[in-house]
Number of protein chains: 2
Amino acid sequence: MSVSGKSSDCGNCFTCQTRGKTEWCVLSDDELEIVDQGKVCREYMPGEVIFHEGDDCRGVHCIERGLIGVRKMNAGGNEVLLRISHPGDTMGYRSFLAGDDHNNSAEALEPSVLCFIDGKTVHSLLAMNPALGLRFLRHAAQDLNAAEEKVLQTATLPVRARFAHLLLVLKERYGVVDDNGSLDLELPLSRQDMAAMIGIRPESMSRTIRSFEDDNIAHFSGRRVHVPDVKSLYEELEIPIGL
Amino acid sequence: MSVSGKSSDCGNCFTCQTRGKTEWCVLSDDELEIVDQGKVCREYMPGEVIFHEGDDCRGVHCIERGLIGVRKMNAGGNEVLLRISHPGDTMGYRSFLAGDDHNNSAEALEPSVLCFIDGKTVHSLLAMNPALGLRFLRHAAQDLNAAEEKVLQTATLPVRARFAHLLLVLKERYGVVDDNGSLDLELPLSRQDMAAMIGIRPESMSRTIRSFEDDNIAHFSGRRVHVPDVKSLYEELEIPIGL
DNA sequence: GGGGAAACTTAACGGAGGTCAAGGTGGTTC
DNA sequence: GAACCACCTTGACCTCCGTTAAGTTTCCCC
């Protein structure tokens, strides 16, 4: 778990596997040293919460290992799973930069290791290296596109299409497509988390899964999914039943 | 319409009414001069499109006057109105910064004047003045919060609550609340555009309006709305009927 | 291994809201 | 003023999905 000898369960930014893919890759060695000195790492068990909606936002979290779910809930207690974040992703930078409290919560979905970088350090790095801000800006732009896409889908697509879309998104990271177009997928999410991702109840998730089984679109066994023909998922997206 | 003598219908950045509220307010006079020289302004009539989804994004648009609707549509032709943008807002900066084509479309809802600033100019200003990037970053962070809030609402709130929320948002800019808590509102949107904002069909918009009338929550006459007690709108938001 | 909690599934029911079709209203043009 | 058009409203119908309430399976933890 530990790479440097500095802290019991703390990685080292210079040797971090995810370094090349993160916003921080634009930092010079001197600047990275500042991050490395200032960060605090911790391991989280599944279900453990990294921060809650409404918490004071004191800095950013960078995922070293594991899988994190970002949730948001409303007054009535209803909850959606906005997205899942992976190693290399930096979390909480938006609330931090906007100067707000956290406006969603983060929870470990697998055993995960996160590094916390405090606000003062982030601010001085942003001042020191303008490229860092631009990287975050680009990232925010992409997140925003994804969020607007999700608004559109939630408002206009029926549940089957939203679920097909979710499977297609998960395919990119968790799936294998073979030569004849069949897909095998190992889901990183529980049924209820999948339901929360597409904005439906667990009961509807079960029904949708069964209707996919009945239509021979996909076969589910625990978290293993087999899709005989990926094309059939794309066809689901096209179904013109509007809002 | 024209302030400088430079171009027939082109304003002047130095005297622009919206200047203080925009991202561009961090620019020095020299830098603003670059914007002013490089920009191209144009008037758009209601219904006229500024850019389409999928168009090549060559720069950003800054709204000098008027009201612009930002729309996004899916393969099936269903459309949502993601937000409305006002004088001082800069549009298209996200697609531009992410290096993508436009991923939504912009259409004038009122007679409007927009200034176009080409990509080369924006890039050189970002390089010249890091504070500009940070301002855009903060703006993107706020937009992202709004978009995620909208995902949550669309997925978990019934139509009445979403409509009550829309009226409360429009209240901030277009409404007047008097001493005894009653609200008068002049809607900037047609019924079908309001429907597109909360992700429903025009028929459902009509039905929802009528149910608000029946319950004495709000009274509609064309684009004039009278709400006897603003509290009743807040109460609509709380209704626990979940998704 | 056994017991309990959480996750998942299934079925029956009902209501919110989409669809379709028809009619009303208002604004613009000749 | 007539004709046209877009926008809006209304009603009838029906489907999708939330609700409720069992029941089943899985997974921990003693």
N/O donor-acceptor pair under 3.5 Å between [X] side chain and [Y] backbone:
X        : Y        : answer
A:Asp215 : A:Ile217 : no
B:Lys72  : B:Asn103 : yes
B:Thr154 : B:Lys150 : yes

Check the distance between [N]'s [atom2] and [X]'s [atom1] and give it to me in whole angstrom.
X        : N      : atom1 : atom2 : result
B:Met205 : D:dT9  : CE    : P     : 9 Å
A:Ile209 : D:dC17 : CD1   : C1'   : 15 Å
B:Arg162 : C:dG18 : CZ    : P     : 8 Å
A:Glu213 : C:dC8  : CD    : P     : 15 Å
A:Leu189 : C:dC8  : CG    : P     : 10 Å
A:Ile198 : D:dC16 : CD1   : P     : 15 Å
B:Ile200 : D:dC8  : CD1   : P     : 12 Å
A:Arg223 : D:dT26 : CZ    : P     : 14 Å

Please give the angle, rounded to 10 degrees, between the axes at the start and the end of the helix from C:dG1-D:dC30 to C:dC30-D:dG1, where five pairs define each axis. 40°

Regarding [X], tell me which of base, sugar-phosphate or nothing describes its non-hydrogen contacts under 4.0 Å with the strands shown.
X        : result
B:Glu203 : base
A:Ser206 : base
A:Arg210 : sugar-phosphate

Does A:Gln17 have more than 12 heavy atoms from other residues, nucleotides or ligands lying within 6.0 Å of its CD? no

For the side chain of A:Arg201 and the base of C:dT9, is some donor closer than 3.5 Å to an acceptor across the two? no

Taking the nucleotide of DNA chain D with the closest heavy atom to each, which residue, B:Arg207 or B:Gln192, is nearer the 5' end? B:Gln192

In sequence, state the C-alpha distance, the side-chain angles, and the governing distance for B:Arg65 and B:Glu43, and then conclude on salt bridge (Lys or Arg N to Asp or Glu O under 4.0 Å). CA-CA 9 Å; B:Arg65 270 184 293 123; B:Glu43 184 163 14; 5.2 Å; no

B:Asp179 meets the side-chain hydrogen bond (donor to acceptor under 3.5 Å, both in side chains) criterion, sequence neighbours left out, with none

Over 60° means perpendicular and under 30° means parallel, so tell me whether B:Tyr93 and B:His139 are parallel, tilted or perpendicular. perpendicular

